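Naming convention: chains lettered A, B, ... in sequence-line order (proteins, then strands); numbering from 1 in each chain. All values reported here derive from a predicted model rather than from experimental measurement.
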2 protein chains.
Amino acid sequence: MRIGEAATRSGVSAKMIRHYESIGLLAPAARRDNSYRDFDARDVHDLTFIRRARDLGFSIEEIGRLLALWRDRDRPSREVKEIAKTHIAEMETRIARMQEMVATLSHLAECCAGDERPDCPILSGLAGEQTKAPAAASDARQPDHADQGADQR
Amino acid sequence: MRIGEAATRSGVSAKMIRHYESIGLLAPAARRDNSYRDFDARDVHDLTFIRRARDLGFSIEEIGRLLALWRDRDRPSREVKEIAKTHIAEMETRIARMQEMVATLSHLAECCAGDERPDCPILSGLAGEQTKAPAAASDARQPDHADQGADQR
DNA sequence: TATAGACCCTCCCATCATGGGAAGGTCAAG
DNA sequence: CTTGACCTTCCCATGATGGGAGGGTCTATA
């Protein structure tokens, strides 16, 4: 089948299939005489595997490792579980961090009248005037790569 | 003061200060004869405001609006609160999505022996073999921009 | 048979927030 | 006068994804 059908069946866009191939996550697809990529059920399976892993928030790098383990019939399940547990821990850390942000911001928002008057504890809080809030995650940043959720856009 | 000191005082890297200026989030900084940027306390205040907002997960676009509201002494606090509430709702959505992922993956991991044997429900789950898990967020994706937390790396 | 339209191809660019680094200018202290 | 710590601009990279240009291929239909 051609890339469009593989995309539909796996739920991975044609764009991303080509991308995964280009970064080496997938072996180069077979080609027909007209240079079109040619996919079979096994390819669709791999793509579906990748999509499910992405849906669980795994990064491309982790997915690469999972795919390798999947292909190795004799791998110890221990290795897979380790990747999963590490990933779960990372997600839980991110969740906790976001919950802190929500808590801090909610505190400020609760203190804000939200009417026509200009006084606003939210802006004051951002400006540094203490509102004795439960302290937000305040320093150091990180470009988290994987809050990737499932959604539109 | 020069950019380095402004960076230290505000907690925003020199790199990002220039970036914020270049995208118009901040007005172009004053310059000295030697073309070095020259910052004063007010600039440091704005930068600190930006950093705090980032720490609360606001996107650059939202921060731009918050800064404008901050500078407008007569804005109704209602407008600020609306931005904050929308942002809180977005973060809560992302948190919920990640919690779903963690739940699904935890279920699979719990079913996995994690020993030397090759059988692994985690890989089987990703491969599509049903494990009657509580169903993960399964389709549609979105490149969420702002799970930006505070962290090392 | 010619053509429309639905596919496919490769490339390049954009996003968002951030950092790395090159190539070069400026300044103060040794 | 050199060294080193600053600063400048400019380009590139990240990760996952989409948009689109410019062009080729195939099939159905007028």
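- Remark: P of dC16(C) and CE of M16(B) are 12 Å apart, rounded to the nearest angstrom.
- Here dG15(D) presents its P atom at 14 Å from CZ of R94(A), a figure rounded to the nearest Å.
- In terms of the salt bridge (charged side-chain N to carboxylate O under 4.0 Å, His left out) criterion, D119(B) has no residue partners (sequence neighbours excluded).
- Residue R32(A) contributes atom CZ, which lies 13 Å from atom C1' of dC9(C) at whole-angstrom precision.
- Closest approach of I60(B) and L25(B) over heavy atoms only: O-CD1, 4.0 Å.
- The distance between atom OH of Y20(B) and atom P of dC16(C), rounded to the nearest whole Å, is 13 Å.
- Using bins of under 30°, 30° to 60° and over 60° for the plane-to-plane angle, the ring pair H87(A)/F58(A) lands in the parallel bin.
- Under a 4.0 Å N-O distance rule, the pair R78(A)/D115(B) does not qualify as a salt bridge.
- Looking at E79(B) and R65(B), no side-chain N of the basic residue comes within less than 4.0 Å of a carboxylate O on the acidic one, giving no salt bridge.
- One interatomic measurement links the two molecules: CG of D33(A) to C1' of dC8(C), which rounds to 14 Å at whole-angstrom precision.
- D55(A) has its CG atom 13 Å from the P atom of dA16(D), to the nearest Å.
- Of the residues near DNA chain C, D38(A) and E61(B), the one whose nearest nucleotide (by heavy atom distance) lies more toward the 5' end is D38(A).
- Counting non-hydrogen atoms of other residues, nucleotides and ligands closer than 6.0 Å to CZ of R73(A) gives a total of 12 or fewer.
- No single ILVMFWY cluster, assembled from side-chain heavy atoms under 4.5 Å apart, contains both Y36(B) and L26(B).
- At whole-Å resolution of the value, NE2 in H19(B) and C1' in dT14(D) are 14 Å apart.
- Taking the screw axis at each terminus of the helix from dT1(C)-dA30(D) to dG30(C)-dC1(D) from five consecutive base pairs, the angle between the two is 40° to within rounding of 10 degrees.
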Scan nucleotides 3-10 of chain D nucleotide by nucleotide, 5' to 3', and note B when protein non-hydrogen atoms come under 4.0 Å of the base, S if they reach only the sugar-phosphate, - if neither. ---BSBBB
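- For the residue pair A109(A) and I88(B), the shortest heavy atom distance occurs at CB-CD1, 4.4 Å.
- Heavy-atom minimum distance, C120(B) versus C112(B): SG-SG, 3.7 Å.
- dC16(C) atom C1' lies 12 Å from atom CD1 of I63(B), rounded to whole Å.
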